[in-house]
Amino acid sequence: MGRSPCCEKAHTNKGAWTKEEDQRLAAYINDHGEGCWRSLPKAAGLQRCGKSCRLRWINYLRPDLKRGNFTGEEDELIIKLHQILGNKWSLIAARLPGRTDNEIKNYWNTHIKRKLIARGLDPQTHRPLTAAAVAPSCHRHHDQQAVLSGSSRDSSSGAGHSSNDDDSKSVSHLGSIDLNLSLSPPS
DNA sequence: AATATGCGCAACCGCTCCGTG
DNA sequence: ACACGGAGCGGTTGCGCATAT
């Protein structure tokens, strides 16, 4: 597409981060704040691209991260949020303090999917597997998020997924659940 | 004890959106 | 109105560890 790469790949490290790189990144952000990710690696003396730094900070180095296993409560919350929001991991993460979208995405793919299947539910549609077999597998839940997450840029996402009237029905099943989804934008 | 297989997590890639000139 | 650059997101990959054979 002729777009310039996000960084000069020839001079950037890839793969796992070293302790020293972590320390440099954390120290720099503690001193200067997050600011411009593109210029951060150079300023911090890191041979990484800005994207990589951002991901590392958000998913691993941020001081407010809650490491460790997900609780049963968190499990259920993720399931419910996924039922409403679909694979909008950043939106789901915004409602789980201390958790990152990447972490939740991984957890979903490795644990919750199986949990739902064991319950006889389709992980994408949250419907009984037999019915899900009839429903299209690309079923998404984008319409609700437009309503529920007012500030999200994803609400107008042109990701190309079609809306589906059935989504509103699935939400109605959650009538008794207060997820505070009309609250202020994620921190 | 050695090897094969499966699982979980960290990281990368490509795309889209938004802000700015 | 348009083009460009930066930031963010979701999907996918690959490595390392744990468990089974």
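Given the structure is predicted, the values throughout are model-derived calculations rather than measurements. Proteins come first, then strands; the chains are lettered A, B, ... in the order of their sequence lines, and each starts at number 1. Computation of the quantities below employed the complete heavy-atom set of this structure, encompassing side-chain atoms and omitting hydrogens, waters and symmetry-equivalent molecules.
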Hey, what are the protein-to-nucleotides 8-11 of chain B N/O distances that come in under 3.5 Å?
{"unit_1": "dG8(B)", "atom_1": "OP2", "unit_2": "Arg114(A)", "atom_2": "NH2", "d": "2.4"}
{"unit_1": "dA10(B)", "atom_1": "OP1", "unit_2": "Arg67(A)", "atom_2": "NH2", "d": "3.0"}
{"unit_1": "dA10(B)", "atom_1": "O3'", "unit_2": "Arg56(A)", "atom_2": "NH1", "d": "3.4"}
{"unit_1": "dA10(B)", "atom_1": "N7", "unit_2": "Asn106(A)", "atom_2": "ND2", "d": "3.0"}
{"unit_1": "dA10(B)", "atom_1": "N6", "unit_2": "Asn106(A)", "atom_2": "OD1", "d": "3.3"}
{"unit_1": "dA11(B)", "atom_1": "OP1", "unit_2": "Trp17(A)", "atom_2": "N", "d": "3.2"}
{"unit_1": "dA11(B)", "atom_1": "OP1", "unit_2": "Arg56(A)", "atom_2": "NH1", "d": "2.7"}
{"unit_1": "dA11(B)", "atom_1": "OP2", "unit_2": "Arg56(A)", "atom_2": "NH1", "d": "2.3"}
{"unit_1": "dA11(B)", "atom_1": "O3'", "unit_2": "Gly15(A)", "atom_2": "O", "d": "3.4"}
{"unit_1": "dA11(B)", "atom_1": "N7", "unit_2": "Asn102(A)", "atom_2": "ND2", "d": "3.2"}
{"unit_1": "dA11(B)", "atom_1": "N6", "unit_2": "Asn102(A)", "atom_2": "OD1", "d": "3.1"}

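Put simply, the side chain of Thr110(A) gets close to the backbone of Asn106(A): a donor and an acceptor are under 3.5 Å apart.
Distances shown here put every side-chain N or O of Arg38(A) at or beyond 4.0 Å from the OP1 or OP2 atom of dG5(C). Phosphate proximity of dG8(C) to Trp37(A): present, with a side-chain N or O under 4.0 Å from OP1 or OP2. For dG10(C), neither phosphate oxygen OP1 nor OP2 lies less than 4.0 angstrom from any side-chain nitrogen or oxygen of Trp108(A).
In this structure, CZ of Arg54(A) is placed 20 Å from P of dG5(C), rounded to the nearest angstrom. Look at CH2 on Trp89(A): it is 18 Å from C1' on dC15(B), rounded to the nearest Å. Taking atom CD of residue Gln124(A) and atom P of nucleotide dG10(C), one finds them 13 Å apart after rounding to whole Å. Distance Asn87(A) CG to dT16(B) P: 17 Å, rounded to the nearest Å. Rounded to whole Å, atom C1' of dA7(C) lies 14 Å from atom CD1 of Ile29(A). Spacing between atom CG of Asp101(A) and atom C1' of dT12(C) amounts to 15 Å, rounded to whole angstrom units.
For the ring pair (Phe, Tyr, Trp, His ring centres under 6.0 Å) test, residues two or more places apart in sequence or in another chain that qualify with Phe70(A) are Tyr107(A). The ring pair (Phe, Tyr, Trp, His ring centres under 6.0 Å) test applied to Trp108(A) returns His82(A), Trp89(A), His126(A), not counting sequence neighbours.
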Subject >> Leu96(A) and Ile78(A): CA distance, side-chain angles, deciding distance, side-chain contact (heavy atoms from CB on, under 4.5 Å) verdict >> reply: CA-CA 8 Å; Leu96(A) 283 158; Ile78(A) 291 169; 3.3 Å; yes

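Taking the charged nitrogens against the carboxylate oxygens, Glu21(A) and Lys14(A) have no contact shorter than 4.0 Å, which rules out a salt bridge. By the 4.0 Å N-to-carboxylate-O rule, Glu74(A) lies close enough to Lys66(A) to be salt-bridged with it.
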